[in-house]
Amino acid sequence: MSSPEIEAALHSARALILADLNTRDVADAAVVSLVEDAVTHRRWWLEQWPDGTEYVLGLVAQDVQDKLLEQYGRWPLCPACAEAGDPHALSVEPELGPEPHWVCGKEAVVVAPVGRLT
């Protein structure tokens with residue numbers, strides 16, 4: 001059975017990832033299902049390692065990003081580089097850490113915290 005802290009972390013991760021997807025107009029039903037699958041997978045992971053709640057947002061973001069790459073293409077695109085004709089996906093950093101951000105790896109700049117894309 002899940003603890004309230006685990007459920008709160010998962011609900012927060014779901015909401016923040018959906019906010020980023022909505023901001024970039026890609027939150028159709030199939031994509032929302034990908035988010036739900038990622039959250040379900042990370043629920044099991046957190047039940048095994050409850051101290052990982054501060055890492056779950058970044059992990060869910062990476063899970064969704066990986067699934068989108070497999071099925072739809074790169075997401076989210078770096079806004080600055082895409083406008084310059086060099087589209088590439090943002091990365092989540094830290095890969096396993098608290099307070100994950102979307103980062104442009106080419107320019108080494110933080111674009112936004114996960115859940116706060118514009």
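Predicted, not measured: the structure shown is a model, and the values here were computed from it. Positions are given from 1 along the sequence.
For the pair Val110 and Glu93, the minimum side-chain heavy-atom distance is 4.5 Å or more. The side-chain heavy atoms of Thr53 and Ile6, taken from C-beta on, include a pair separated by under 4.5 Å. Put simply, the side chain of Val103 does not reach to within 4.5 Å of the side chain of Val111, judged on heavy atoms. Contact check for Val92 versus Trp102: side-chain heavy atoms found under the 4.5 Å cut-off. Side-chain contact check for Glu7 versus Ser12: every heavy-atom pair is 4.5 Å or farther apart. The shortest distance between side-chain heavy atoms of Asp20 and Pro76 does not fall below 4.5 Å. At a threshold of 4.5 Å between non-hydrogen side-chain atoms, the residues Tyr72 and Val26 do not count as touching.
Nearest heavy atom pair, residue Leu57 against residue Ile17, reads CD1-CD1, 4.0 Å. Across every non-hydrogen atom of Pro94 and Pro100, the tightest pair is CD-CA, 4.1 Å. For Gly52 against Leu46, the heavy-atom pair with the smallest separation is C-CD2, 3.4 Å. Nearest heavy atoms, Leu34 versus Val64: O-CG2, 4.4 Å.
Summarising the local packing, CD of Glu107 is surrounded by 12 or fewer heavy atoms from other residues, nucleotides or ligands at distances under 6.0 Å. Other residues, nucleotides and ligands contribute at most 12 non-hydrogen atoms within 6.0 Å of the CD atom of Glu99. Enclosure of atom CZ in Arg116 is not indicated, since only 12 or fewer non-hydrogen atoms of other residues, nucleotides or ligands lie within 6.0 angstrom.
Summarising the geometry, atom CG belonging to Leu10 is positioned 10.0 Å from atom CD belonging to Glu36; distances are rounded to the nearest 0.5 Å. To the nearest 0.5 angstrom, Leu117 atom CG is 11.0 Å from His101 atom NE2. Expressed to the nearest 0.5 Å, how far CG of Asn22 lies from CG of Asp28 amounts to 10.5 Å. In this structure, the separation between CG on Asp63 and NE2 on His41 is 5.5 Å, given to the nearest 0.5 Å. Taken from CZ in Arg74 to NE2 in His88, the straight-line distance is 9.0 Å, to the nearest 0.5 Å. To the nearest 0.5 Å, atom CG of residue Leu77 and atom SG of residue Cys104 are 11.0 Å apart.
Contacts of Glu5 classified as side-chain hydrogen bond (donor to acceptor under 3.5 Å, both in side chains), with partners at least two apart in sequence or in another chain: Ser3. Glu70 meets the salt bridge (charged side-chain N to carboxylate O under 4.0 Å, His left out) test with Lys67; sequence neighbours excluded. Partners of Asp37 by side-chain hydrogen bond (donor to acceptor under 3.5 Å, both in side chains), not counting sequence neighbours: none found. Qualifying side-chain contact (heavy atoms from CB on, under 4.5 Å) partners for Asp25, counting only residues two or more places apart in sequence or in other chains: none. Evaluation of the side-chain hydrogen bond (donor to acceptor under 3.5 Å, both in side chains) rule for His11 yields Arg14 as partners, not counting sequence neighbours.
Under a 3.5 Å cut-off, the side chain of Asp86 and the backbone N or O of Ala82 do not form any donor-acceptor pair.
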For Trp75 and Leu21, run side-chain contact (heavy atoms from CB on, under 4.5 Å): C-alpha distance rounded to whole Å, both residues' side-chain angles, the deciding distance at 0.1 Å, then the answer.
CA-CA 9 Å; Trp75 178 87; Leu21 290 162; 3.5 Å; yes
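With side-chain heavy atoms closer than 4.5 Å counting as contact, directly or through intermediates, Leu69 stands alone and belongs to no larger hydrophobic cluster.
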